[in-house]
Structure formats: structure tokens, C-alpha cells
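Heads up: numbering here begins at 1 and tracks the sequence. Remember, it's 1-based here, ligands and their atoms both numbered in the order they're listed.
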Amino acid sequence: MIDKNYVRFFDTTLRDGEQSPGATLTSAEKLEIARSLARLGVDVIEAGFPAASKDDLEGVRQIAIEVGNPSKGEEDQPVPIICGLARANESDIDAAWDAVQHAAHPRIHTFLATSPIHMEHKLRMDPEEVVERVKEMVTYAKAYCDDVEFSPEDAGRSDPEFLYLVLGEAIKAGATTLNIPDTVGYTTPEEFGGLIAGIMEHTPGVEDVIVSVHCHDDLGLATANTLAGIQAGARQAEVTMNGIGERAGNTSLEEIVMALRTRQPVFELETGIDTTLITRVSRQVSNYTGIPVQPNKAIVGANAFAHEAGIHQDGMLKHNETYEIMRPEMVGLNQSRLVLGKHSGRHAFKVRLAELGHELDQDELNLAFVRFKELADKKKEITDADLEALVADEIYQPTEIYKLDGLQVACGTMGLATATVRLVGPEEDTHEFAAIGSGPVDATYKAIDGIVETENNLLEYSVNAVTEGVDAMGQVSVRLEAETGEIAGRTSPQSGARTARTFGGHGADTDIIVASARAYLSALNKLLEASGKYGEFSPTAEVSAPAPEKVA
Ligand code: KIV
Ligand code: ZN
């Protein structure tokens, strides 16, 4: 029985979101984000596109095992469905099943384009061939898995009558969720709502399946379109944290959740999301992907709850509802509290990290505790936000092929900035290099380049304070692009082409030059790992499931 009052949240941060340029995440980062999404209460986690590379398949499998099953002693706790994306071909579906079968509730999500422009130019298939392929591939997926989702890609520009036919055949073949994507973010809310209403009315068998909506934000309409789809009867929303995703991104999880909650009397719908965790997960996704959140972003932007104008401040002091439609506490803001200090012991530290959702093994705990003590010497008040930044910096990093061992910088108004860097390399060998630059960060990065010797372009550098005050930790995110042709990308699910690779890195420290060095090394280590020269696995290895010719 489908609960008509409940909207399922299908989070695709780790699949569509990770397709954002530069959002490459390590397996450890993906697993941590998946854990956070489960705690947040999402119903489905689309953990990746397993056919893209062996690395992606392994990442999805790990999430299926660890997040898709209840922990020991918590067998009665619900766990999210773990979903893998597959193009409509057997080898992609095999790879998806290979990865998700370990979850208590696995799902295969397969898709094929249905718009005239995609069928003619991308697939080079007739509409009849598309219908046949959908029937065959949904049947193929169903033989593995009860829970099959089908998406007619570019539904927003597809002929509705053709959609009713394709979707009806997908239902007959066993699809249990029909997801309607506005792949290129082209529709308006009225059109998209109308499309969903038409599907609800004319698709044979639709009453027994969940209709889902998946919107892109090319015209800034993803949230409005998703809400219009929900009002027309969709009961699954496909979203990403902070709205990250291809081009202008996907629908933001936080915007849909808070719209449904704040305007409950309008929608009269429930969700399973614990809204108080939104801010934390948003920060985590931003740190790990290296994609900053714009300050005026709804719900999670730095200014989303700030009141600057005097007239607004005056109103707020008299009654907060004059200018505030949601309390910041509802999304977990202003809850960062002083938790630990210089005299806190290892046990208290471990307990607080566990409360924040970080289960560290003994070695990780030792490493993090050393950093905590160093931080406590420099900073009197340590908040949850500091702890999150510290753990992200110390634990959720790529394999450290090169490690920062020392840094000294001279800068100011007299003369050029100089930096001396000491790194420990892959053979535990120590290297030192000094360089001059236009400023301390430039000099530091040149000194690191002098040791690591990997060609790359720095695309983006940003620094943010974790908390307020001059002793705040600085959190630095960088994105860089490999210039060499050696670093092949992964297969894109949409085009089937190999995508160019960019690498994100993050670092945190009370000294922002040290944080900058850590962030740069974190991105360089990802790049070096991807080059295949270090470590056991290279993402440049052959993809496990090449696409058949027609689904290009
Ligand atoms: O935007 C899109 O069409 C997609 C599909 C794979 C569902 O992401
Ligand atoms: Zn998409």
C-alpha cells in the first residue's frame, strides 16, 4: 500500500551530485556522507553509477554493506534503500546488482531517453526500439531485484503520449518506481506539474507504483518544479544536498524538506527527515566535495538566517516571526555548543565524536586526539563545528602519498613571500623545497609543486572560518585539474563518454596557510592516486561494463 501522505526522499548526492565538475570524493568520504544521509532520514540513497569504474562499483558495494544494513544491536532500526544507477543495458545492470545486492533493501535504477532529440541524435533508436529496450531491460533488472526504478531520460521534453506508453510497459515489466526527470531543467512549474498530472491520469497501472520527480536547475526552477510535481501526485523527490549536480545542479534536499515542513497546511504531507541535521550534512558535503555554498543559498547559506537591515533587526527583537519563517534551530543552526576543552580526556572526545556520528577505529582516534590536543592548546573553546572540521581534515582524506611534515612562511609588505615546505613522500623519504610567490599561499603551493612535480591547474581556492573569532579554524577548499592526458576520467552515465577529471581537496587548521597546504596536498594525493602510479587500484583501469553501441 502506498502512503499518499508521505513523500520519500531519494538522495542522489553521491551519484548526480558527484557528477558536478570537481566533486570527486574518496571512498571514505562517500561512506561518511552515506552514513550522514541515513541519519538524516532519507529513504533511498543513490550511492553511485557502478558501471563507471571498478572504484565506483566498490564504493557502492561498501555503502550497501555498511549503510544498507542495520548495525549490531540495532536490528529493529530502519535502514535506507541503497540504489545503483544503470543504463538500459545488461552489463550496466549486472554491475549495479553486483554492488547493491549486499544491502537489506537494494534497488536498481535503470534509464533510457524518450525525447525525440535524444532518441534521434544520442541513441539513434526508433521510438519502437526504445519501448522494446525498456521492456527487456526492466525485465532483466527485475530478475535480480524486486525493487526496480525506471526513468525516461529527458521526460521534460518528451511527448506525453509516448511517455504514457513507455511507462505503462515499464510497469508491466515490473518497475515499482517511475521517475520523471527534467534532465535539462527546461520546464516551467505549470508544465512539469501538468506532465505529472497527465502521467497519473493516463499511465496504465500507475496507481500501484510510486511516481518520482527529478529536476535540474538550469533555469533556477528545480525546487518549484519538484513541488509542482509533488502537488500533482508524485510521492518521491530526487534531490541532492546543497543542490549540487550536473551543470546548474539538482533540486536541493533542504529546500524541498523545509518547504513541505514550513508550509505544511498547503501541502499536508509528511517526510522522514530529521531537519535538525540539515546544517551539519550540508557542511560535510561542502567540505568533502570542495564546492562552497553560496552565502545567500536558501536554508543552508551563511546569510540564510542573518538579519542585516536595521528595520528587520528591530522587528526581530520585537517578535522573531516578523521576518523569520523558520527558526534556525529547526535546521540545526545555533546548536553548536562548547563541548570540550584543553583538559578533556580521550574518552570524552571519543564519546562526543560518536554522538556526532563518527565511529573511529583506534588508530584514527589516536590521530584525531593528537590534533584535538594541538587545537586545544591554541583555541580555548572547541565546538562541534571545530570537531567536524578536525575530523574531516585528519580522517576523511585520500591515501596520503605525500604528507605535510613542516612549513615555514615569511610574508608581509617587505619583499616577496617565501615558503619552505617539508613533505614525507611515498617511500617515507623526506623532501624540502623553498619557493617565492606573489603571496604566502602561492609560495607554499610552488614549494609543494617543486617536490610533487605533477602538472595541474588550480581552478578554485576558497577559505572559510569554521567558527567566529580571531582564533577560529580556517577551512580551505581547492579544486584542481590535471593537465596530463594520463588521468582518464570515469564514464558519464548520460553521454557514455570519458569525462575530464578535476580533483577537490580540503584542509583545516587555525593557521590558514597550513590549512591551504593541507587542502592542496589532499587534492594532489587524489590526482596521484588516480594516475595509477601509486596504490593498488587505478580508476584509469578498464571500466567493468562498457556500453553497447546504441546507448552512447
Ligand atoms: O537527469 C537525469 O535525467 C538523470 C537520470 C539518470 C535519472 O539523472
Ligand atoms: Zn539528473
Side-chain angles (χ1 to χ4, degrees), residues 8-21 23 44-52 56 60 83-89 92-93 95-96 100 107-119 122-123 130 133-134 137-138 141 148-158 163 166-167 170 175-187 192 195-196 199 210-219 221-223 225-226 229 234 236-253 256 490-497 499 545 547 551-552:
R8 286 149 198 80
F9 274 78
F10 174 114
D11 184 279
T12 183
T13 305
L14 297 174
R15 200 280 297 171
D16 226 345
E18 214 232 354
Q19 285 174 227
S20 310
V44 188
I45 295 175
E46 187 164 54
F49 172 45
D56 286 75
V60 177
C83 174
L85 182 71
R87 289 166 294 190
N89 66 68
D92 269 32
I93 294 171
V100 298
R107 174 178 293 185
I108 297 174
H109 175 192
T110 188
F111 71 99
L112 191 63
T114 48
S115 64
I117 189 164
H118 276 234
M119 288 191 290
K122 188 178 91 164
L123 301 179
V130 166
R133 178 70 71 89
V134 170
M137 290 305 119
V138 172
V148 176
E149 172 167 329
F150 170 71
S151 296
E153 192 192 7
D154 204 16
R157 292 188 297 172
S158 301
L163 278 180
V166 174
L167 294 173
T176 41
T177 300
L178 299 176
N179 175 50
I180 312 303
D182 182 16
T183 304
V184 290
Y186 179 70
T187 61
F192 194 68
L195 181 66
I196 302 298
I199 288 168
I210 300 279
V211 173
S212 165
V213 282
H214 175 118
C215 297
H216 281 266
D217 208 27
D218 299 66
L219 294 173
L221 294 172
T223 296
N225 286 350
T226 298
Q236 174 176 287
E238 299 206 352
V239 293
T240 61
M241 202 68 220
N242 301 337
I244 62 169
E246 289 264 16
R247 307 180 310 278
N250 288 59
T251 306
S252 296
L253 176 147
I256 301 299
R490 293 169 302 175
T491 308
S492 151
Q494 270 85 7
S495 65
T499 50
V551 188

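- The side-chain hydrogen bond (donor to acceptor under 3.5 Å, both in side chains) test with His214 is passed by exactly one of Glu46, Glu153, Gln236, Glu238: Glu238.
- Taking every heavy atom of Pro181 and a limit of under 4.0 angstrom, the matching atoms of ligand 1 come to 2 (C), 3 (O).
- Distances between N or O atoms of His214 and those of ligand 1 include at least one value under 3.5 Å.
- Taking only nitrogen or oxygen atoms, main chain and side chain alike, Asn179 does not reach within less than 3.5 Å of ligand 1.
- No side-chain heavy atom of Thr110 sits under 4.5 Å from any side-chain heavy atom of Asp92.
- Among all non-hydrogen protein atoms, the one lying nearest atom 3 (O) of ligand 1 is Thr183 OG1, 2.6 Å.
- Heavy-atom proximity to Glu153, at under 4.0 Å, picks out these atoms of ligand 1: 3 (O).
- You'll find the side chain of Arg107 stays beyond 4.5 Å of the side chain of Thr176, heavy atoms only.
- Within ligand 1, the atoms closer than 4.0 Å to a non-hydrogen atom of Ser151 are 7 (C), numbered from 1 in the order shown.
- Partner of Arg157 under the side chain to side chain contact (heavy atoms under 4.5 Å, CB included) criterion, out of Thr114, Val184, Thr183: Val184 alone.
- No side-chain donor-acceptor contact under 3.5 Å links Asn250 and Thr240.
- Geometry about the Zn ion (ligand 2) gives an angle of 90° between OD2 of Asp16 and NE2 of His214, rounded in steps of 10 degrees.
- The protein heavy-atom contact nearest to atom 4 (C) of ligand 1 is Gln494 NE2, 3.4 Å.
- One option in Arg15, His216, Glu149 has a heavy atom closer to atom 6 (C) of ligand 1 than any other, and that option is Arg15.
- Residues Phe150 and Val166 are in side-chain contact: their nearest non-hydrogen atoms beyond the backbone lie under 4.5 Å apart.
- Formation of a donor-acceptor pair under 3.5 Å by the Asp11 side chain with backbone atoms of Thr13 is found in this model.
- Within ligand 1, the atoms closer than 4.0 Å to a non-hydrogen atom of Asp16 are 8 (O), numbered from 1 in the order shown.
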